Amino acid sequence: MIKLMPRKKKNKPAATAKNQKGKNSRPKTKSARKPSAKKTSAKKQKNEPEILPVLNDEKLKELYATMVKCRMLAERMQNDRTAGNGNSVLGFEAALVGAGAHLLAKDSIAMEHSSFVASLIKGTSLSTILARNKEQQSGNGASKAIPSKHDGHSTTSLSMETVLALAAQMKNDSAVTLMFCTRNPKTLSFDPAAMATAATQKLPLVCLVESSIDSPLQLPNQVASGPYIGADPTFYPRIPVDGCDVVGVFRVAQEAIRRAREGHGPAVIECLTARSSAQDESAQYLAQDPISFMEQYLRRRGLWSDEWSQSIVEGFRRQMNEAAASLADPPASDGQFDNVYSSDARTPRPAAASAQ
C-alpha cells in the first residue's frame, strides 16, 4: 500500500519572508498603540478637575434660602398689597425660585401681582424694592409699559397678548420671558390660542401655570401634520411638575428656558400645587409647603442645620429693617424694576404709558 506523503511547504526567500512579516506586524503594532493612547487620554481626563453639577450642595442651599427670603418679603408686604384678594404668592415660592434661578439680567418676568418677589429673585436691592412699593401705594409708582401689538401704544394691563409682544421684542437678543399665571387670575390668564401663536413664531417664552390635580390645565390636543411631533407649527412642550418641589421645577425650567433661548420656541410648565387643590384626596399626592418640603430634602442629604436656617431668617430680617429705615432717603429709581412686568388690580398704573 502506497502512502501519500504530505506536501512540504517551500521555503520562501529571506527577503520575501521579511516583507511578509512586516506586513503582518503593522496592523498588530497599530492596534497595540491605540489602546495605550486611549488609556493615556483617559488618565489625563481623570486628572482634570471635574465640572460640578448645576444642582450641587451650594445651589440646593441657595434655592432654599431664596424661597425663605421671598416668603418673608411677601409676608411683610401682604397686608398692603395682596391681603384678602386671593392673590398671595405664599406657597408658590418653588415655582418662582426654581424657574427664576436660570434667568439672566436681560431676561424678563411677567406676573399679575407681587412683582416685588420677582425683583428679589432677579437681584434687585431691598431698598429699591421697598421704595418702589411705597411709591406704588401712594399712586406715584411707575411700572414698565409693554407695547401693544395692534395699535403700537403701550399698556400696563398684562395679558397673554402683551406678554407675547414682550417676548417678540426679545427674540433677537437671546433673551427669555418667564410668565407666571397663579391661581385666581384677573388679567393675566393662560390662553392656549395665544400660546399656539407664540409657537408658530418661535417666541422665547416659558409659561408657568398653577393648577391642581382635581382641576388640571386644559389644553387642546396637538396633532402633528407629519411623521414627527415637531411638524406641527403650533406645537410646544407641556411639562407637569409638583409646583412645591423647587428641585423639580428647577430641572424642567432649565431645559425649557434653554430651548427657548436657542430659538426653539415656547413651553408650558404646569405647576401642580396643594393650595390649588380643593380635595384632600388629590392634595395628599403633592408637597404641602415648598419650604418645608425643601427642608426635608436637605436633611436627607445631610445639608441641614438649625443654626444655618436661623441665620438666614435673622440676616434677611435685619436687611429688611435696614432697607425700611433707609426709605427716608430712598435710592434713585430707574423705573424698570429689572425687567419685571406686572399689573396690580389694586394699584393701576396708567402713567407708565405716557411716560414712554
Side-chain angles (χ1 to χ4, degrees), residues 52-71 74 88-104 107 109-111 114 117-118 120-122 176-183 190 195 205-219 236-261 264 266-277 279-304 309 312:
L52 295 176
V54 176
L55 274 176
N56 52 31
D57 293 349
E58 182 179 355
K59 190 65 177 180
L60 291 171
K61 297 175 75 172
E62 178 186 332
L63 293 175
Y64 173 85
T66 306
M67 286 196 298
V68 170
K69 294 175 183 179
C70 288
R71 176 162 298 185
S88 173
V89 295
L90 301 178
F92 199 60
E93 296 91 351
L96 293 167
V97 175
H102 302 289
L103 294 183
L104 305 177
D107 298 328
I109 296 178
M111 56 191 302
S114 303
V117 175
L120 179 67
I121 293 172
K122 289 209 69 182
V176 175
T177 297
L178 277 188
M179 185 183 82
F180 293 96
C181 296
T182 56
R183 61 178 181 173
F190 180 77
M195 198 64 179
L205 174 65
V206 177
C207 298
L208 290 95
V209 184
E210 184 178 14
S211 67
S212 61
I213 291 180
D214 53 295
S215 181
L217 182 65
Q218 299 296 326
L219 295 175
Y236 52 88
R238 313 162 187 195
I239 313 165
V241 66
D242 188 338
C244 287
D245 180 5
V246 67
V247 174
V249 175
F250 182 95
R251 287 172 173 160
V252 298
Q254 182 180 38
E255 176 60 21
I257 292 175
R258 179 203 62 79
R259 181 179 178 276
R261 198 181 300 280
H264 301 297
V268 173
I269 300 175
E270 182 180 6
C271 300
L272 301 162
T273 63
R275 71 177 195 158
S276 298
S277 300
Q279 301 176 9
D280 294 337
E281 291 79 6
S282 61
Q284 65 179 332
Y285 298 105
L286 299 171
Q288 299 300 306
D289 179 75
I291 294 179
S292 299
F293 184 79
M294 189 59 177
E295 175 184 338
Q296 297 304 317
Y297 182 88
L298 295 176
R299 286 183 182 275
R300 289 194 299 269
R301 295 178 66 99
L303 301 176
W304 179 269
S309 174
I312 295 173

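As the structure is a computational prediction, the values presented were derived from the model and not from experiment.
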Checklist entry - For Tyr236 and Leu205, what are the C-alpha separation, side-chain angles and deciding distance, and is it a side-chain contact (heavy atoms from CB on, under 4.5 Å)? => result CA-CA 10 Å; Tyr236 52 88; Leu205 174 65; over 6 Å; no
Checklist entry - Given Asp107 and Arg261, is the salt bridge (Lys or Arg N to Asp or Glu O under 4.0 Å) satisfied, shown in steps? => result CA-CA 10 Å; Asp107 298 328; Arg261 198 181 300 280; 2.8 Å; yes
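The aromatic ring centroids of Tyr297 and Trp304 lie 6.0 Å or more from each other.
There is no side-chain donor-acceptor pair under 3.5 Å between Glu210 and Thr182.
The side chain to side chain donor-acceptor pair (under 3.5 Å) test applied to Glu62 returns Lys59, not counting sequence neighbours. For the side chain to side chain donor-acceptor pair (under 3.5 Å) test, no residue two or more places apart in sequence or in another chain qualifies with Gln296.
At distances below 3.5 Å, not a single donor-acceptor pair connects side-chain atoms of Arg238 with backbone N or O atoms of Glu270. No donor-acceptor distance shorter than 3.5 angstrom exists from the side chain of Gln254 to the backbone of Val252, with no hydrogens or angles considered.
Atoms SG and CZ, from Cys181 and Phe190 in turn, are 7.5 Å apart once rounded to the nearest 0.5 Å. Here the straight-line distance linking atom OG of Ser114 with atom CZ of Phe92 works out to 11.0 Å at 0.5 Å rounding. Note that CD1 of Ile257 is 4.5 Å distant from CG of Leu178, once rounded to the nearest 0.5 Å.
At least one side-chain heavy atom of Met67 sits less than 4.5 Å from a side-chain heavy atom of Met294. Between Cys70 and Ile121 there is a side-chain heavy-atom pair separated by less than 4.5 Å.
Scanning both residues, Arg301 and Asp57, for their nearest heavy atoms gives NH2-OD1, 3.5 Å.
Ring-plane geometry between His102 and Phe250 is classed as tilted, the angle between the planes lying from 30 to 60 degrees on a 0 to 90 degree scale.
Results of the side chain to side chain contact (heavy atoms under 4.5 Å, CB included) test with Val97 over Val117, Leu120, Thr66 single out Thr66 as the only residue that passes.
Ionic pairing of Arg251 and Glu255 is not present here: no N-O contact between side-chain nitrogen and carboxylate oxygen is shorter than 4.0 angstrom.
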